[in-house]
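As structure tokens, the structure follows; a few thoughts come after it.
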Amino acid sequence: MLTANMPPAIFCENRQEWKWPLQNLHELPRMSDLSAFVGIVDDGGFAESARHRGVSASTLSRSVTRLEQQLGVTLLRRTTRFVEITPEGAAVLSAARDILDRAECLQEITTSGQTPSGPLRVNAPVPFVLHVLAPRLAEFRAQYPDIELTVDMTDSLVDLIGSHADIAIRFGRLSDSGMLHRPLGLTPWKLVAAPGYLDRHLWPKKPTDLLKLEQVRFATPDHINTLHFANQAKPIVMPTALTAGNGEAVRQLVLGGLGIARFSDFMVSEDIAAGRLVELFPGQLNAEPLEISALYLTRISGLRRLGVFLDWLGTLLR
């Protein structure tokens, strides 16, 4: 495990940058050593980073040792149980990230006439992948065949660094506005049920009729299960049929005739058009549209494949 004590960076007297204790350009650290150091911190330790990079922990250890000798400082304190970044290491870490980012930017500039290429890892909620990304990814691949995409699906929030993701798709209002992010769009909510379910029970004429039916509930977030209607003083709290922890599972249960639920429009628009589901009380559900955003760590100017993918994402919810 790696623990971090992150003090303010050490700066040159009159310049806002790390003062490398080197005599000439020939002594500048290797990019591979800087990358190894940053990777160890981001991955949480030598063993974890070695597994992620497909190298041995001893190779990473030699890179850090070489970097420490060049800079004349201790970057990481290593014990049998954990690795801790030093104050000097925290300062170097900030500068190393900037150097690596600028180096990739320089590489992108020199290859600006070429098709963007290289690995890109995307983390997104299961419904977004199944209903938005997957049906359209062939278009992106046809346009940018040299970008090596990896798509991870999860309905839980993940840390961008810990998940090794370049981009993470997030639903709802962002709590950390300081992160690099791009709004992708808004999607309205729809309250739906399978026609067969309503045939067996009741076709509701007014919102209070929902109290005679059952709801398939989302385990999280719970507020999705609360139904507010225009001109209705109190929310409708329906009896529960069953609860599922995955948005796509809730959808399948509703399609199977087990109850009613509300979904973002992109999840059920095709089901409604095909008649598999019917929307109840259209225009009467009082709920703010769902915000969808893309979060990322690297500046777009330094990674062309990230930029073109974000541009493409922005077209999907229009």
Side-chain angles (χ1 to χ4, degrees), residues 1-10 18 20-22 27-108 117-124 147-154 156-169 176 179-180 295-300 302-303 305-306 309:
M1 178 184 298
L2 186 146
T3 61
N5 177 22
M6 305 292 281
I10 300 172
W18 166 257
W20 298 102
L22 305 170
E27 299 179 30
L28 286 173
R30 300 179 185 180
M31 299 296 292
S32 59
D33 292 345
L34 292 174
S35 178
F37 170 57
V38 172
I40 291 163
V41 175
D42 288 350
D43 294 331
F46 284 85
E48 294 83 355
S49 190
R51 283 194 295 270
H52 177 221
R53 291 166 174 262
V55 300
S56 66
S58 60
T59 297
L60 297 180
S61 180
R62 285 193 295 271
S63 289
V64 172
T65 298
R66 185 165 48 238
L67 190 58
E68 290 175 328
Q69 290 172 347
Q70 274 192 293
L71 300 179
V73 296
T74 299
L75 302 175
L76 300 170
R77 296 192 187 96
R78 296 166 242 187
T79 73
T80 56
R81 296 184 59 187
F82 64 88
V83 177
E84 180 182 31
I85 192 167
T86 66
E88 294 79 12
V92 172
L93 179 67
S94 177
R97 288 192 194 282
D98 189 57
I99 289 171
L100 293 171
D101 190 33
R102 289 172 185 269
E104 184 144 25
C105 180
L106 181 61
Q107 182 179 16
E108 293 284 352
S117 62
L120 193 69
R121 182 177 289 270
V122 181
N123 184 284
I147 294 179
E148 304 159 16
L149 274 175
T150 299
V151 179
D152 297 324
M153 295 191 296
T154 176
S156 60
L157 293 180
V158 299
D159 171 62
L160 275 170
I161 293 176
S163 64
H164 311 302
D166 298 297
I167 301 174
I169 306 301
D176 183 4
M179 287 199 69
L180 295 172
L295 279 67
Y296 48 98
L297 294 174
T298 304
R299 290 193 297 271
I300 297 174
L303 199 60
R305 59 183 177 271
L306 173 62
F309 189 77

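We're numbering straight along the sequence, starting at 1.
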With side chain to side chain contact (heavy atoms under 4.5 Å, CB included) as the criterion, how do Val73 and Thr86 come out once you've worked through the C-alpha distance, each side chain's angles and the decisive distance to 0.1 Å? CA-CA 9 Å; Val73 296; Thr86 66; over 6 Å; no

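Considering every non-hydrogen atom in both Ser63 and Ala36, the closest pair reads CB-CB, 3.7 Å. Pairing each heavy atom of Ala165 with each of Asn123, the nearest pair is CB-CB, 4.0 Å. Shortest non-hydrogen contact noted between Gln70 and Arg30 is OE1-N, 4.2 Å. For the pair Ala50 and Ala57, the tightest heavy-atom approach, listed with the atom from each and the gap, is CB-N, 3.7 Å. Between Phe37 and Val64, the closest heavy-atom pair is CA-CG2, 4.4 Å. Ala96 approaches Leu34 most closely through the heavy-atom pair CB-CD2, 4.0 Å.
Rounded to the nearest 0.5 Å, atoms CZ (Arg77) and CD1 (Ile85) are 10.0 Å apart. Taking CE of Met153 as the reference point, atom CD1 of Ile169 lies at 14.0 Å (rounded to 0.5 Å). One distance of note links CD1 of Ile40 with CG of Leu76; it measures 6.0 Å at 0.5 Å rounding.
Paired with Phe309 under the rule side-chain contact (heavy atoms from CB on, under 4.5 Å), one option of Ile147, Leu149, Asp166 passes, and it is Leu149. Partner of Glu68 under the side-chain contact (heavy atoms from CB on, under 4.5 Å) criterion, out of Asp33, Thr74, Val92: Thr74 alone.
Between the side chain of Arg305 and the backbone N or O of Pro119, at least one donor-acceptor pair lies under 3.5 Å. The backbone N or O of Ser61 sits less than 3.5 Å from a side-chain atom of Thr65, completing a donor-acceptor pair.
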